[in-house]
Asks: 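Have a look at this one before I ask anything.
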Amino acid sequence: MTDYSEEQRNELEALESIYPDSFTVLSEKPTTFTITVTSEAGENDETVQTTLKFTYREKYPDETPLYEIVSQENLDDNDVTDIIKLLEQQAEENLGMVMIFTLVSAVQEKLNEIVDQIKTRREEEKKQKEREAEEEEKQRFHGTPVTIENFLSWKAKFDAELLEIKRKKMKEEEQAGKNKLSGKQLFEMDHNLDTSDIQFLEE
(Lines give C-alpha, C1' and ligand atoms only; values in the text may rest on other atoms or scores of the structure.)
Protein backbone atom coordinates (compact mmCIF):
# COMPACT_ATOMS: atom_id res chain seq x y z
CA MET A 1 0.00 0.00 0.00
CA THR A 2 1.32 3.44 -0.93
CA ASP A 3 2.32 5.65 1.96
CA TYR A 4 1.01 8.93 0.57
CA SER A 5 2.10 11.08 3.50
CA GLU A 6 5.65 9.72 3.24
CA GLU A 7 5.83 10.58 -0.49
CA GLN A 8 4.37 14.00 0.17
CA ARG A 9 6.87 14.68 2.99
CA ASN A 10 9.81 13.67 0.79
CA GLU A 11 8.63 15.85 -2.05
CA LEU A 12 8.21 18.85 0.27
CA GLU A 13 11.80 18.47 1.50
CA ALA A 14 13.07 18.27 -2.07
CA LEU A 15 11.06 21.34 -3.11
CA GLU A 16 12.38 23.31 -0.17
CA SER A 17 15.97 22.66 -1.24
CA ILE A 18 15.25 23.30 -4.95
CA TYR A 19 13.37 26.58 -4.34
CA PRO A 20 14.87 27.95 -1.09
CA ASP A 21 13.85 31.59 -1.81
CA SER A 22 10.45 31.10 -3.36
CA PHE A 23 8.94 28.17 -1.46
CA THR A 24 6.57 28.87 1.47
CA VAL A 25 4.49 26.37 3.46
CA LEU A 26 1.10 27.84 4.34
CA SER A 27 -0.44 24.95 6.29
CA GLU A 28 0.34 21.38 7.41
CA LYS A 29 -3.16 19.84 7.23
CA PRO A 30 -3.91 19.77 4.41
CA THR A 31 -0.37 20.47 3.17
CA THR A 32 -0.56 23.79 1.32
CA PHE A 33 2.38 25.76 0.00
CA THR A 34 3.27 28.40 -2.57
CA ILE A 35 6.12 28.60 -5.05
CA THR A 36 6.90 31.84 -6.85
CA VAL A 37 8.05 31.31 -10.42
CA THR A 38 9.94 34.08 -12.24
CA SER A 39 10.91 34.15 -15.89
CA GLU A 40 14.39 34.87 -17.11
CA ALA A 41 14.97 38.59 -17.58
CA GLY A 42 13.79 39.95 -20.88
CA GLU A 43 14.50 43.31 -22.46
CA ASN A 44 15.29 46.07 -19.90
CA ASP A 45 15.54 43.32 -17.26
CA GLU A 46 11.76 42.89 -17.42
CA THR A 47 10.42 39.70 -15.94
CA VAL A 48 7.03 38.05 -15.63
CA GLN A 49 6.20 36.31 -12.43
CA THR A 50 3.49 34.20 -10.86
CA THR A 51 2.94 32.63 -7.48
CA LEU A 52 1.40 29.16 -7.60
CA LYS A 53 -0.43 27.69 -4.64
CA PHE A 54 -0.56 23.90 -4.30
CA THR A 55 -2.56 21.76 -1.89
CA TYR A 56 -1.98 18.01 -1.56
CA ARG A 57 -5.10 15.87 -1.71
CA GLU A 58 -5.17 12.86 0.60
CA LYS A 59 -4.13 10.38 -2.09
CA TYR A 60 -1.62 12.58 -3.92
CA PRO A 61 0.30 11.64 -6.14
CA ASP A 62 -2.42 9.19 -7.26
CA GLU A 63 -4.74 12.21 -7.25
CA THR A 64 -3.80 15.52 -8.83
CA PRO A 65 -2.91 18.30 -6.37
CA LEU A 66 -5.14 21.36 -6.12
CA TYR A 67 -3.46 24.38 -7.67
CA GLU A 68 -4.23 28.03 -8.31
CA ILE A 69 -2.47 31.24 -9.27
CA VAL A 70 -2.51 33.52 -6.24
CA SER A 71 -0.61 36.45 -7.73
CA GLN A 72 1.07 37.49 -10.94
CA GLU A 73 3.11 40.31 -12.43
CA ASN A 74 3.10 41.53 -16.04
CA LEU A 75 0.79 38.75 -17.21
CA ASP A 76 -2.46 39.39 -19.03
CA ASP A 77 -5.64 37.29 -18.62
CA ASN A 78 -4.84 35.12 -21.64
CA ASP A 79 -1.47 34.20 -20.17
CA VAL A 80 -3.09 33.25 -16.85
CA THR A 81 -5.64 31.06 -18.67
CA ASP A 82 -2.82 29.40 -20.63
CA ILE A 83 -0.88 28.65 -17.44
CA ILE A 84 -3.93 27.06 -15.79
CA LYS A 85 -4.51 24.89 -18.89
CA LEU A 86 -0.84 23.91 -18.89
CA LEU A 87 -1.02 22.87 -15.20
CA GLU A 88 -4.15 20.80 -15.91
CA GLN A 89 -2.50 18.99 -18.80
CA GLN A 90 0.77 18.35 -16.94
CA ALA A 91 -1.07 17.11 -13.82
CA GLU A 92 -3.04 14.58 -15.91
CA GLU A 93 0.09 13.36 -17.70
CA ASN A 94 2.06 12.85 -14.47
CA LEU A 95 -0.64 11.19 -12.36
CA GLY A 96 0.84 8.59 -10.01
CA MET A 97 4.21 10.39 -9.71
CA VAL A 98 5.20 13.31 -7.50
CA MET A 99 4.79 16.16 -9.96
CA ILE A 100 5.16 19.59 -8.36
CA PHE A 101 8.68 20.09 -9.75
CA THR A 102 7.44 19.08 -13.23
CA LEU A 103 4.49 21.48 -12.99
CA VAL A 104 6.66 24.38 -11.79
CA SER A 105 9.25 23.70 -14.54
CA ALA A 106 6.50 23.74 -17.19
CA VAL A 107 5.25 27.10 -15.86
CA GLN A 108 8.82 28.43 -15.77
CA GLU A 109 9.23 27.54 -19.44
CA LYS A 110 5.89 29.14 -20.29
CA LEU A 111 6.92 32.38 -18.53
CA ASN A 112 10.16 32.52 -20.53
CA GLU A 113 8.09 32.11 -23.71
CA ILE A 114 5.82 34.96 -22.61
CA VAL A 115 8.84 37.25 -22.03
CA ASP A 116 10.07 36.41 -25.54
CA GLN A 117 6.62 37.14 -26.96
CA ILE A 118 6.53 40.50 -25.16
CA LYS A 119 9.94 41.32 -26.65
CA THR A 120 8.81 40.24 -30.14
CA ARG A 121 5.59 42.24 -29.75
CA ARG A 122 7.57 45.35 -28.71
CA GLU A 123 9.91 44.98 -31.66
CA GLU A 124 6.92 44.61 -33.99
CA GLU A 125 5.30 47.74 -32.53
CA LYS A 126 8.58 49.63 -32.92
CA LYS A 127 8.89 48.53 -36.57
CA GLN A 128 5.25 49.44 -37.18
CA LYS A 129 5.83 52.95 -35.76
CA GLU A 130 8.92 53.35 -37.93
CA ARG A 131 6.93 52.26 -40.98
CA GLU A 132 4.16 54.75 -40.17
CA ALA A 133 6.73 57.54 -39.68
CA GLU A 134 8.29 56.69 -43.05
CA GLU A 135 4.88 56.77 -44.71
CA GLU A 136 4.16 60.19 -43.17
CA GLU A 137 7.54 61.45 -44.38
CA LYS A 138 6.81 60.18 -47.90
CA GLN A 139 3.40 61.85 -47.85
CA ARG A 140 5.01 65.12 -46.83
CA PHE A 141 7.52 65.03 -49.69
CA HIS A 142 4.96 63.66 -52.10
CA GLY A 143 2.76 66.72 -51.70
CA THR A 144 -0.75 66.96 -53.09
CA PRO A 145 -1.41 65.35 -56.46
CA VAL A 146 -2.70 67.91 -59.00
CA THR A 147 -6.24 67.39 -60.20
CA ILE A 148 -8.27 69.67 -62.46
CA GLU A 149 -10.39 70.73 -59.48
CA ASN A 150 -7.52 71.73 -57.20
CA PHE A 151 -5.61 73.39 -60.07
CA LEU A 152 -8.65 75.54 -60.95
CA SER A 153 -9.19 76.52 -57.33
CA TRP A 154 -5.46 77.40 -57.03
CA LYS A 155 -5.61 79.44 -60.29
CA ALA A 156 -8.67 81.35 -59.09
CA LYS A 157 -6.83 82.24 -55.88
CA PHE A 158 -3.68 83.15 -57.79
CA ASP A 159 -5.61 85.39 -60.23
CA ALA A 160 -7.39 87.10 -57.34
CA GLU A 161 -4.05 87.79 -55.63
CA LEU A 162 -2.60 89.13 -58.90
CA LEU A 163 -5.57 91.43 -59.38
CA GLU A 164 -5.18 92.70 -55.80
CA ILE A 165 -1.46 93.47 -56.45
CA LYS A 166 -2.32 95.34 -59.69
CA ARG A 167 -5.00 97.36 -57.89
CA LYS A 168 -2.56 98.35 -55.14
CA LYS A 169 0.06 99.36 -57.70
CA MET A 170 -2.45 101.54 -59.57
CA LYS A 171 -3.49 103.18 -56.33
CA GLU A 172 0.15 103.86 -55.45
CA GLU A 173 0.77 105.32 -58.89
CA GLU A 174 -2.29 107.58 -58.50
CA GLN A 175 -0.97 108.70 -55.12
CA ALA A 176 2.45 109.31 -56.66
CA GLY A 177 0.80 111.34 -59.45
CA LYS A 178 -0.70 113.61 -56.81
CA ASN A 179 2.64 114.18 -55.11
CA LYS A 180 4.84 114.55 -58.21
CA LEU A 181 8.51 114.89 -57.33
CA SER A 182 10.39 118.08 -58.16
CA GLY A 183 13.38 117.97 -60.53
CA LYS A 184 15.74 118.25 -57.58
CA GLN A 185 14.09 115.29 -55.78
CA LEU A 186 14.22 113.20 -58.97
CA PHE A 187 17.89 114.13 -59.43
CA GLU A 188 18.70 113.12 -55.84
CA MET A 189 16.96 109.78 -56.31
CA ASP A 190 18.64 108.90 -59.64
CA HIS A 191 22.17 110.17 -60.37
CA ASN A 192 21.96 109.06 -64.00
CA LEU A 193 19.75 112.06 -64.62
CA ASP A 194 22.72 114.48 -64.43
CA THR A 195 24.25 113.02 -67.61
CA SER A 196 20.98 112.24 -69.40
CA ASP A 197 20.62 115.80 -70.78
CA ILE A 198 24.17 115.82 -72.17
CA GLN A 199 23.58 112.48 -73.86
CA PHE A 200 20.34 113.84 -75.28
CA LEU A 201 22.13 116.89 -76.68
CA GLU A 202 24.98 114.83 -78.12
CA GLU A 203 22.49 112.65 -79.96
Asks: Determine the minimum heavy-atom distance between Asp62 and Gly96, stating which atoms define it.
Replies: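 So the minimum-distance heavy-atom pair works out to OD1-CA, 3.4 Å.
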Asks: Can you give me the closest heavy-atom contact between Glu58 and Glu63, atom names plus distance?
Replies: N-OE1, 3.7 Å
Asks: Transitively linked via ILVMFWY side-chain contacts under 4.5 Å: Ile18 with Val98?
Replies: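 In one cluster: yes.
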Asks: Mind checking side chain to side chain donor-acceptor pair (under 3.5 Å) for Asp21 and listing every partner two or more places apart, or none if nothing turns up?
Replies: none
Asks: For residues Phe158 and Leu163: do they belong to one hydrophobic cluster (side chain heavy atoms under 4.5 Å, members Ile, Leu, Val, Met, Phe, Trp, Tyr)?
Replies: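 The answer is no; the residues belong to distinct hydrophobic clusters.
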Asks: Within a strict 4.5 Å, meaning less than it, do heavy atoms of the Gln49 and Val37 side chains meet?
Replies: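 Not in contact.
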Asks: Can you find a side-chain donor-acceptor pair between Asp3 and Ser5 that sits under 3.5 Å?
Replies: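 Yes - a donor-acceptor pair under 3.5 Å links their side chains.
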Asks: Is a salt bridge present between Glu134 and Arg131, judged by a nitrogen-to-oxygen distance below 4.0 Å?
Replies: no
Asks: Side chains of Glu124 and Gln128 only: does a donor on one sit below 3.5 Å from an acceptor on the other?
Replies: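 No, Gln128 and Glu124 have no side-chain donor paired with an acceptor closer than 3.5 Å.
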Asks: Any link between Ile84 and Val104 through a network of hydrophobic side chains (Ile, Leu, Val, Met, Phe, Trp, Tyr) touching at under 4.5 Å?
Replies: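 The answer is yes; both residues are in one hydrophobic cluster.
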Asks: Is the side chain of Glu125 donor-acceptor paired with the backbone N or O of Thr120 at a distance under 3.5 Å, no angle test?
Replies: no
Asks: Output yes when a side-chain donor or acceptor of Asn94 lies under 3.5 Å from a complementary backbone atom of Gln90, and no otherwise.
Replies: yes
Asks: List the residues meeting side chain to side chain donor-acceptor pair (under 3.5 Å) with Glu11, not counting sequence neighbours, and say none if there are none.
Replies: Tyr56, Tyr60
Asks: Please report the closest heavy-atom contact between Phe23 and Leu12, naming both atoms and the distance.
Replies: CZ-CD2, 3.5 Å
Asks: Is it the case that one hydrophobic cluster holds both Leu95 and Phe101, taking links as side-chain heavy atoms less than 4.5 Å apart, direct or via other members?
Replies: yes
Asks: Please collect all side chain to side chain donor-acceptor pair (under 3.5 Å) contacts where either partner lies in residues 23-34, sequence neighbours excluded, each pair once.
Replies: Ser27-Thr32, Thr32-Thr55
Asks: So if I apply the side-chain hydrogen bond (donor to acceptor under 3.5 Å, both in side chains) rule between Gln89 and each of Lys85, Glu93, Glu92, which one comes out positive?
Replies: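 Testing Gln89 for a side-chain hydrogen bond (donor to acceptor under 3.5 Å, both in side chains) against Lys85, Glu93, Glu92 leaves exactly one candidate, Glu93.
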Asks: Under 4.5 Å between side-chain heavy atoms, counting indirect links through other Ile/Leu/Val/Met/Phe/Trp/Tyr residues: same cluster for Ile100 and Val25 or not?
Replies: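 Yes, Ile100 connects to Val25 through the hydrophobic network.
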Asks: Under 6.0 Å from the CG atom of Leu152, do we count more than 12 heavy atoms belonging to anything else shown?
Replies: yes
Asks: Any non-hydrogen side-chain atom of Leu87 less than 4.5 Å from a side-chain atom of Leu52?
Replies: yes
Asks: Donor-acceptor pair, Thr50 side chain versus Ser71 backbone, under 3.5 Å?
Replies: yes
Asks: Pairing donors with acceptors under 3.5 angstrom, does anything connect the side chains of Thr38 and Thr47?
Replies: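 The answer is no; no qualifying pair exists.
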